[in-house]
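For the numbers below, each heavy atom of this structure counts, side chains included, while hydrogens, waters and symmetry mates do not. Each residue takes its place number in the sequence, starting with 1.
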Amino acid sequence: MPKLSTLLLTIFIVKISIFLFFTAEFNRNYPKQFISGSLFISLGETDTYYLPIENLAKGRGYGFTRGGGDGTKPDTLKTRRVPGLVPIYLPLYSLFGKETARAILVILQLIADCLAVYCLAWIAGKIFNSPLAFVLTLALYAINTFVAVFDHIGMPESFCASFLIFSVFFLLKSINGNALRFLFISGVFTCWAIFMRPVVGIILPVLSLLFFVMSYSEGNGALKKIFFRYAIYILPFAVVISCWTLRNYNVSGKFIPLEDKEYEAQPDIYPPQWRAIQTLVGKAWGGKSFRWNAGSEGEWFFAKDIPVNNSPFSNRHFTKDYNMDSLKMLREFYHLSMNRALPEGERKIYAEQTVAMANRCSESYKKEKPFHYYFLSPVILTANFIFLKTTNYLPFPPLQQMQLYHKVIKIFYIFFYNLIALLGIIGMIMALFGKNKNARVLLLFPLLYVCVFTILYSYSEERYMVPVYPFFVLYASFALLTFYKMIPPNFIRAKQTSSN
């Protein structure tokens, strides 16, 4: 096994090469107004994470107003975003200002991503008890471009993915070495990951279960000692969420443990009529319900510039109660309800008509096509969530303007991502029916995470796969390791002899 310093240097060279390539492509192809310090890329929701911190640094409190307000207006959203980025961005912004601070933050995301490669590989070697699993995971995660592109993007996904890996790494380290400091550090990173992206909060019960299973298996002391050690692990989260919940109650008068739901905090952006169509698209049909999903049902409904006749619908979407003309009317009602040039009363009528019509379509679909609604649509939604057909985040020009290398890289990006996703699922199935208890417990996280989005939220969005993607890499390496062990030893020795 190579030295740690050699491994880290190799990882850094690979990751920095990918990073520099994406830096050049973003600066060549992305609108300049969305780039800070040549490194930091802003998306539509970026300001909702960073404006609260900038307002906090200016003494205005933690909050933001949609559209870039100064944080002092009555409509300031003070409980919309958890403060996971505050310990990183606040001191940087206070010391260096916006442009430099955001550029440094991107570099920190890259550093965390590099360290996460080694940590994930170590986790694989430990969980699967195999040096080969270490090597496979190291290679697969080092060359991946899916998470790497998010090192540039001003959203919490990159940090969240890295912190989840660190939390598992230090938890296993603590059980392996019986060290309380590692247990506490694991608790810190678990808490930090949750306060980056609250939806990953399901990692807490999963890692708690893993802690007890491994502590019992390793024979780490009496039950009283095990619970004391667990208290050390859970302490950071217990303290931080208690303080944050109290703060939210003080500023809003409501019990909000993490953050407001988007449609409660921003009803102008996510009004009831949007939610009704989103439910029809995602829950009833199993489609992609966001405007930026190119070629999707969501884009057709919510994007005004899409021609009304350029629809993604087929007979699968319709019932005897509604047809294509009905959906065109639903789309028209929605855009009229969002048209601020109309009187408020008229917009309200259109909003009510949109909600009623979308709900009727959903109910009709459920009644006429129950197999689709309860089984096929969730399967389609899950497949759309896990697998990629295209990508919205590569910093490449439109297809007709791409160079050959752009097309090759995009094909590799999608192929490699889907290969890992498929192998990851196969590895999870193998682990589920295998004898490795720790592997069975840990796979609960990707399983529950996917279920939250596909069953609870009915969302299908590429970006939301970033925090869980490392776990697909982990189980993909387990699948490859299992396949390798299936090869007869005589065949391997014969190959080695012939090569010599």
Side-chain angles (χ1 to χ4, degrees), residues 116 119-138 140-141 161 163-178 182-183 186-187 189-190 193-194 199-220 223 226-227 229-230 233-234 378-379 382 385-386 420-456 465 467-486:
C119 292
L120 187 67
W122 186 93
I123 292 167
K126 173 67 177 177
I127 288 286
F128 305 130
N129 193 28
S130 168
L132 182 56
F134 176 95
V135 174
L136 287 170
T137 306
L138 188 80
L140 292 176
Y141 199 53
F163 290 175
L164 285 171
I165 294 170
F166 297 157
S167 66
V168 180
F169 174 79
F170 283 108
L171 182 70
L172 298 182
K173 276 277 189 182
S174 73
I175 294 172
N176 188 47
N178 205 27
F182 290 146
L183 202 55
S186 174
F189 278 113
T190 302
I194 294 170
V199 71
V200 305
I202 52 177
I203 192 68
L204 186 61
V206 172
L207 290 190
S208 298
L209 179 59
L210 182 63
F211 168 81
F212 285 111
V213 169
M214 294 193 71
S215 295
Y216 179 78
S217 300
E218 299 278 340
N220 284 343
L223 193 61
I226 291 175
F227 273 99
R229 288 167 52 79
Y230 179 70
Y233 167 73
I234 203 71
V379 170
T382 302
F385 183 75
I386 295 176
I420 293 298
L422 178 61
L423 287 173
I425 292 171
I426 294 172
M428 290 175 201
I429 295 172
M430 290 175 170
L432 182 63
F433 294 100
K435 298 179 181 179
N436 190 324
K437 291 184 293 185
N438 300 330
R440 284 204 303 270
V441 172
L442 193 57
L443 71 80
L444 287 173
F445 173 64
L447 176 64
L448 293 174
Y449 182 90
V450 170
C451 287
V452 165
F453 279 101
T454 58
I455 296 176
L456 186 61
M465 270 294 291
V468 78
Y469 185 73
F471 294 86
F472 278 80
V473 174
L474 188 71
Y475 284 94
S477 70
F478 178 65
L480 292 174
L481 176 66
T482 305
F483 291 144
Y484 177 78
K485 289 180 177 179
M486 291 178 181

When rounded to the nearest 0.5 angstrom, what is the spacing between CG in Leu423 and CG in Leu140?
8.0 Å
Validation row: Ile429, Ile426 side chains within 4.5 angstrom (heavy atoms)
no
Side chains of Leu204 and Ile234 in contact at under 4.5 Å (non-hydrogen atoms):
yes
Nearest 0.5 angstrom please: Leu447 CG to Leu442 CG, how far?
11.5 Å
Side chain proximity check, Phe182 to Leu172, heavy atoms < 4.5 angstrom
no
One should read off an interatomic distance between Ile420 CD1 and Ile386 CD1, to the nearest 0.5 angstrom, of 14.0 Å
Tyr230 and Ser208 side chains, donor-acceptor separation under 3.5 Å
yes
I need the minimum non-hydrogen distance between Gly201 and Ile194, along with the two atoms involved.
CA-CG1, 3.7 Å
Heavy-atom pair of closest approach, residues Arg440 and Leu432
CD-O, 3.1 Å
Are Leu138 and Leu120 side-chain neighbours, meaning at least one heavy-atom pair lies under 4.5 Å?
no
Please report the closest heavy-atom contact between Ala439 and Ala431, naming both atoms and the distance.
CB-CB, 4.1 Å
Are the side chain of Ser167 and the backbone of Leu164 linked by a donor-acceptor contact shorter than 3.5 Å?
yes
Suppose we call two aromatic rings close when their centres sit under 6.0 Å apart. Are Phe211 and Phe227 close by that rule?
no
Between Phe471 and Val168, is any pair of side-chain heavy atoms under 4.5 Å apart?
yes
Heavy atoms, side chains only, cut-off 4.5 Å: are Ile165 and Tyr141 in contact?
yes
Are any non-hydrogen side-chain atoms of Tyr449 and Ile203 less than 4.5 angstrom apart?
no
Partner of Phe128 under ring-ring contact (aromatic ring centres under 6.0 Å, His included), chosen from Trp122, Phe134, Phe478
Phe478
What distance separates Ser215 OG from Leu183 CG, expressed to the nearest 0.5 Å?
8.0 Å
Can you tell me if Tyr475 uses its side chain to pair, donor with acceptor, with the backbone of Leu443 under 3.5 Å?
yes
Shortest non-hydrogen contact between Met214 and Ile175, atoms and distance
CB-CD1, 3.5 Å
Between Phe445 and Val206, which heavy-atom pair has the shortest distance, and what is it?
N-CG2, 3.9 Å
Donor-acceptor contact present, side-chain Ser477 to main-chain Leu474, <3.5 Å:
yes
Is Lys485 close to Leu481 at the side-chain level, that is, under 4.5 Å between some pair of heavy atoms?
yes
